[in-house]
Every structure is written in C-alpha cells, then in structure tokens.
Amino acid sequence: MVLLWSAVACVGEPPEPSIPETPPPEDGAVGLGWVGQVGFHPEDFAALTATHREGWVALHANDAVAAWEAFGPADAAGATRAALVEGSLHADLAALTARVHDTLWTRWRTRAGSHGAAPLPDAGRWVAALASVCAGPSAYGLASGPETAPSWVMGLPPGPDSGIANAIAGARDPFPVEADGPVGRRLALHRAAMEARDPQHLLAAAADPLFSETAASPGATAFDRRFWDPCVDATLARVWFARAADVEGSADPRSSWRTLPALRSAPPLAATFLAPWPTPEDLATELRVVPRFGELGARTTAIGRLGVSPALAPSDDADLARAQVRALDAGLDAWSAKIADQAPADGAALVRDLGLVRVFRQAWLLARARTELSAKHPATAAVLLGAAEDRDRPGVGPGNPPSLYVLMAEAELAGGHLREALGAFHTVAVSRPELHGLEETLSDLVVLEGLGKPGDSKEDP
Amino acid sequence: MNALTLLLLAAPPAGASSLRYAEDRAPTVVNPLFATSLSEARVDELVFDSLFADDPELRSTGRLAESFELAPDGLSMVLHLRRGVKWHDGEDFDSADVVFSIDAYRSTTTASSEAGRVIWIKRAIPQDPYTVVLEFAKPEYAPQDKLHFKILPSHRFASPDVKRNDTFRTNPIGTGPFRLVSFNPDNSISVARADTHWRPAKIDELVMREVSDKAYQAKLLLYESLEALVRVLPRDLATLENDRKIELYPYQTNSWWYFGFNLSNPTFADERVRAALTRMVDVNALLAPIGTGDRVSGPFVPSSPFYDHSVPVVPYDPDGAAAMLTSAGYAFNGQKWLGPDGRELRIRLVAPANLETAQDVVINVQSQLQSRGVGVEPVFVGAAEWKEQVWRDRGFDLVLSQWSFDRNEDVWEQFHSAGTRNFTRFSDPDVDRMLTEARDAMDPQQKKALLRQVHARVAQLQPMIFLFTLDSYAAMNVKVKNVVVHPFYFFTWVSDWVLQG
C-alpha cells in the first residue's frame, strides 16, 4: 500500500499528495469492523440492544448523559462507554479552556499598562492562576501550566482565599485547601463533585461567575465585570472517568480507562459499536499506546484498509488532509457498496437506516483530529473536523456530537483564528448552559485582540 | 446554458492557469477609495497592496512596509518601505504614494467611504523615498494592525481630491499580485499576474464572472465552467459537498440581512409604524427558500461577543401589528391601511437588481405585506445606481441589503449619527455615546458591555427589520491547491494558491 504521505519535491509548487488506490474490500463476513459486523451479523446487534436499547439509541444520538442514565448500573459495558464519551467531551473542553485562558491572560498581561489594554484586574489574575493549575501537563505547547501558576498570584492582596494563593505560590495543589472566599467556596464544590462522583452541583455552579463586580471609572459607563471558573471541565472529566471506573466496582481511583473491563473484555460489539476503532483487536493495540482516551482509534492499522495511512502527516498541511478525507470517503464508499450488496437484507438495512458508515466516519475523523491537534497540526485538524460535520443537520444533536464543535474551536484558536473559534464554540454553548462562562471568556479574548482597531464593513448583497 | 454563456465561460488558452470565479454582482469600481461592496473589496485585494496585511494566522505582516519602529510613547512610528516595488505601469512605489494615499482617504472632497481608516493618523511625513514617519492623534499600541488600507499611485492623480468618476476606477494601477487587464462589457473582469510583484503569484490569471443566480453558480462549478464560488447558499451545500471534485471552505463573515427604514420619511420616523411593519413580516418564511440560517435581533450575529442574547427576535404578529398601526392613527378599510392623512400606507422598497436571493426575498415580503393591506412598490437597482440612490441620495422608504463585518464587528459607521454607512439616518444620543466609548475602550469586558447595550438599544428603536445571518462557505474545484481564504477579504493570500492539472 502506498502511504498517503509520500511527496515528490517540485520546485515552486507544493507536492502533490499521493492518493493510494483503494484496496478491494475484504472478503469474508466481518468486513469493516463493527459496521460490517452489524451488516453481516444483525443478530449481534439484536443481542446488544435486547436490553437497555434506549442507552444505545441515546449514544447514537450523541447524548452520552442520557445514555448513562438509560444504561444504569445494569448494563456495565454500555454505562462505561457512555461515561467515557462524556468524560472525553469534558477532556476536550478542559483542553480548550486551557488554551483560551493561556492565550487571554498572556496577551492581556502583555498589553496591560502600555497603550494596549487596561491593567489586569486581581480577579483576572486569580482566574489565570487557577487556569494554569488546571491546565495539566503542557501537552499543547501552551505558555502556561502549573509551573507558571505562582507568577499570577504574586502580589495579590490578602483576603479570605490567601491560603489558596499561598498553596499556588508554593507550587502545591490548591484543591484540598479550605477557605471562605469565592475561590475557596468554589473549590469545595470541586472536591464534593469528585468525592461524590456527581457533576450536578458543580454544573449548576458553573453557570455563575467565580468573580462578579461592578467596574467604574470617572467619565466612563460602569459595567459588570465577570470572570469564570476555569477548572470546571478538568474536574468534570475526572468525575466522568471515575464514574466509568466505578461501574464495575473498582474502588481504586487510580483505575485507568486503559484497564476498564468494558473496553478490554466486553462482548465485541459492546466494546466497539459506534466507536472510532473498528475491531477489538484495534482497540487492544491502541489501549497500549495512545496518550488520551479521545485519540483511541485514530491510528489503527484497520484504517489502512480504507486507503488512509495510520501515521500522521509529517507537517500541518490542509491539502494533504483534504486528500486524506477523499481517500477515506472512496474507501468507505467501497465498503458501503460491499455491505449493501452482500450482507443479509436486514443487516444491510440496519447499516443504512442507522447511518452506521457515517457514524464511524465521523467518530474516526474526530479521533484523528484530536491526534492532529496534539501533534500541533491545527490546519489539518480543522479540515478533518469540517469534513466530519453533518451539514444536513447542523448544530449539536443526532447529526453532530458536542465534541465536534469544541475541537473545531480549539483548532481555530490554535491557528490564530479567534473569531472563528468563537463561532464554532457558540454552536455547542447554546445547547449547554454550563458552557456560558467559557464562551464569555473566549469572547473576552476575541474583543481584547480587537481593542483600538476600527473594523471594516462592506455591503454584500 | 446558452451558447453565449458557454462562449463567455470558455476555457483559457492552453498552458495558462486561469481561475474563474463568480460574483453575484460585479464591482462597478476598482478604486479602494470608493469600495463599498465586498465584491469590490475582493478585486481590490488582487490589484492593490497595503503597508501591512494579515498573515494566515491573522497577525499583521509587512507588505509594502518592510519594517517599522514605534516610538516609546506610541505617538509616532517610522515606516521603512519595501524597495524595488513597481506599480503596474512600471513606475516606482515610494513614500510619496503613502502620503498621497492617506491624504486622499482623508480628503473631504474625495469623501471616501473609507475615510475612517486614516482618521487616527495626524500626519504622514516622507523622510526619504523609502521612509515615512506617521504621527498619531493618540498613543497607539499596534498601529501596524490599522495600516491595512490600500495604497494608491500618487503619480496617477493631480491631487488627493479624487473624483468618484475618475477613469482610474476602470483603469486602476496598483502594486498588487495581479494587474487589471480588462473590464468587459459583460461585467466580467480579467486580471493577470503582475510579474514584477515582489512575491509573484503562481496562477497566471483570474477572471471574475457576474452570475447573479446562485443555483446557476453551483451548476457552473459542477460543470467545471468555474473554479471557485466565493459564497454558497446553504441550500446548495449538500449538492456541492457530494461532488468529490469540489472542496468547501467555511469562513466567518459576520454578516446579516436587513430591511432598513428611511427615518427621514415622517411615516417611518414613527416608531409605532416601524414596529408594526416589523411584526407583519414573517422572517422565517423569507429564510426558508434560502436554506438554514439564524434569525438576528439586532446588529450583530448570534455568535458575536456583542450580541445581547436577552433581546428576543421580533415575533411575527400581524394582529399585534394591526393594533400598533391603529394606535398610530391608521385605519384599515378592509383592504388597505390608510394614514391619518387618508393616504394609503405604501412602501417604496429598494433592492439590488439581478440578484436571485434579493428578488426572492422582495417578492415574498411584498406578498406578505400586501396581504395585510400595506402596498409595496419594489424598485430593483443596478450596482452603479445603488451607490447614488442608496448611499448618496437615500432614495427609498425601505432598503434590502446585507452588511458584512470583519472580525472587529465595528458598527459605528452604520449606527452613529455621523456614520458614513448610516443609510437609515438613525440618530440616538445614547447609541452615539456608547459607540464612541466602545471604540475608545481599552478593557475587553467594558467594550463588550457597551456594544451589547448598543444591540439592545438599536433593537428597541428598530431603524431596521433585522432578518438573518447565513453560514458562509466558499467552494472550489479540487484543482485549486494551497487555498487559505481570508475571512473578510477572501484573496489576501491568493499568491500562494496553485491551480493544478
């Protein structure tokens, strides 16, 4: 198989991406992983959905929380899958949050005091510090991380949250510190959410700003200043991954998603249905190597059977990404035809009516986009995510999972396109009130960049 | 497709790479001083250059300026110009052109719609042919971000007082990557690569075709009679997306459609009449034939930082509208609404000519209003007449148009009483104050709060019936490679595009 990334140097022109011939579909009953399994063995699908069908319906409709509730403790595999999907969403949101805050506070601090921007208020420095703490390891090449958190709290005036500030200044974990100020009260909710494995109280609080004050200066209109908790999604990701571990009675908080029975030893279709990994064998391989759950399936060898290289491109190249999508679609077309032609009528109908090839395609493109973002290829990720969007049913819902738009926002932000990031994020924020704070923070960044600049406008009839 | 069209859309000579793209309306002028439409701005992007421009990560990068120094107090900067740049007629670009351009934009005789882009520059002083000092009215943090206006050739004009009908408009000379070759009788425009450009393009020519029918545009792209569409309607997305020869390029344009009232007309100066007419229009029904989009309640798109989500869209409420007209002294005689003077309530609705989308909307709204007893006289105006009738003379009762904004979403010109794009003659002292304060704001949350109040206040006062925003996609043949589209100016990085095969 010719790898997609072979390039021929040509002076003055970008290399033509080489698109391999689509390999012929495999003979044999299984075909394309779980999609083929449903097509050729509809009885497996019937067995999977015989109980707690509503859970799978909800997962298919991109509502992981509804799926979790529908599966309940009785369907361990389904409940685990649902919890991991929701946890992965919050992990995506946490990654976006880290990037938004890193960019906002770094730029505001740079501009503050010069002719560029108003000084950074104390509340902003608090939020910047917390955002740095919650950013986690700097996998995204951010300027901020836990190691930069102390710089934000230096010089903050004393107050009821001073104990937390001291912990941050001393590079200690601030979350266990009890305090009576707004930060202390909020961190208490984070602790409660983790201890109870229950996101509800934190979700409710997330809709309220962490800091709210009226800002006024002589001669200017007073305005409400609000800053939002930057750690919500980092905690919620941990809550949902802990819930996944709890499903089968694991009391060990260090249980990793890599070892969860629902992923490792569930019946084949329960571990793969709707997933970006085609087969349990692909999953087993990936569990050993991928750094985060959301990237599972992105580089399976199975995807090679569709004419797409498992390896990432050597550079961030949007044209190569487009060629990759075309190769993927050509391969999927061949598989779809195979299933329609040769699978039993009821199996073929299931694949067609549930849109399973589209579901697999979208899931794989999202996993791959996450991997490309981790590799600092935002232009590639943006192309993959644009291709993944179901434009016939735009917005969050059965056509598109919320993660799609979260990742789009991150790809745009990483590429320097702040306003586009806000446009993408708005699509998911309208459906989830707890995201209002992050949307407002991202909008602060967009506006900060435009301060002092007159805009251009034109008629466009 | 008739034979004439096929002829006009014939393939370019063998060996030359030619990118043909469609515009709904051809530009009537190629002169950055007088560009009022996006189609004009797009052609200007091909033919002219600026001191600085966005790079693909939307950071300012030098074009005609190579480097600069900013004074510590932010009140002046020294620009070092790129040497060896040639105008398309072979003359040298130098500091005199920069000074001339700023003066021309600023000239009250020129009355450029782009004057606001230089108002912050107090003086421009040439030091030598390749050095210019700019002095500013107030300290500037990053003036290079505001030096994206196009530079004009001083040797081509007698003075900075440039007339709108100067022949330059159809025989422009720029320093951009493409030079204008012909302005054709069929409204098409051909530009050819400027081989003397400091960073030559890789495509030999671009041809702009005026194709006002959006569905026809899509067909031409599918049949490979065009290589690019700058804007695809939502209803055509699926067809294009399913063709593996076509790539879609989403971009953020921050644009919204509206009907604007002429507030200098006493009938429409009455808030109750405006409120009533707004409630007589079923906006969802206007949107349906176009495809998916979002309603807007004010002068920003819903994803904007400045959109006030607490302001609802005005509902379709014909009964409520009737009550409002009655309270304004109108009476319904069973067929028509009659004003206090006994005259029929009738609206002269001006809309762009030869635009399928606009025609659909006008016919639809005419039907809606006439069924409710309000007469509508549609007047479709060509592009050249539009500038006179709408921009200059405000010769309408209601105007249908669409505004597009760059990422700064600055509505000052549209809603400030002194704004050059304030067609409706809207004037409110609170809005004036908030717009000015927002422009000067140095705190992002302060600016956001102010402009959200502008949204709410403008929505309340209703100088316009705010309609909807549509997602923006460009569509191109897969032969066009290395494409990155500027979200507002589209062709900013066209020099990197390649046409293969």
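Hydrogens, waters and symmetry mates play no part in the numbers below; they use all other heavy atoms, side chains included. Here is the naming used below: chain letters follow the sequence lines, and residue numbers restart at 1 for every chain. None of these values were measured; they are calculated from a predicted model.
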Any side-chain heavy-atom pair from A:Glu459 and B:Leu38 closer than 4.5 angstrom?
no

Tell me, do A:Phe425 and B:Ser303 make a side-chain contact under 4.5 Å, heavy atoms counted?
no

When rounded to the nearest 0.5 angstrom, what distance separates CZ in A:Phe223 from CD in B:Glu437?
10.0 Å

Please classify the contact of A:Asp390 with chain B as side chain, backbone, both or neither, using a heavy-atom distance under 4.5 Å.
neither

Can you check whether B:Gln446 reaches A:Thr221 side chain to side chain, under 4.5 Å on heavy atoms?
no

Under a plain distance cut-off of 3.5 Å, with no hydrogens placed, do A:Arg419 and B:Ser304 share a side-chain donor-acceptor pair?
no

B:His309 ring center within less than 6.0 Å of A:His426 ring center:
yes

One thing to verify: whether B:Lys448 and A:Glu440 come together as a salt bridge, which I'm taking to mean a side-chain N less than 4.0 angstrom from a carboxylate O.
yes

Are there residues of residues 449-458 of chain A whose heavy atoms fall under 4.5 Å of chain B's heavy atoms? If so, which?
A:Gly450, A:Leu451, A:Gly452, A:Lys453, A:Pro454, A:Gly455, A:Asp456, A:Ser457, A:Lys458

Regarding B:Asp443 and A:Arg225, does a basic nitrogen lie under 4.0 Å from an acidic carboxylate oxygen?
yes

Side-chain heavy-atom pair B:Glu247, A:Arg326 within 4.5 angstrom cut-off:
yes

Cut-off 4.5 Å, heavy atoms of chain A, and the answer for B:Arg59 is neither

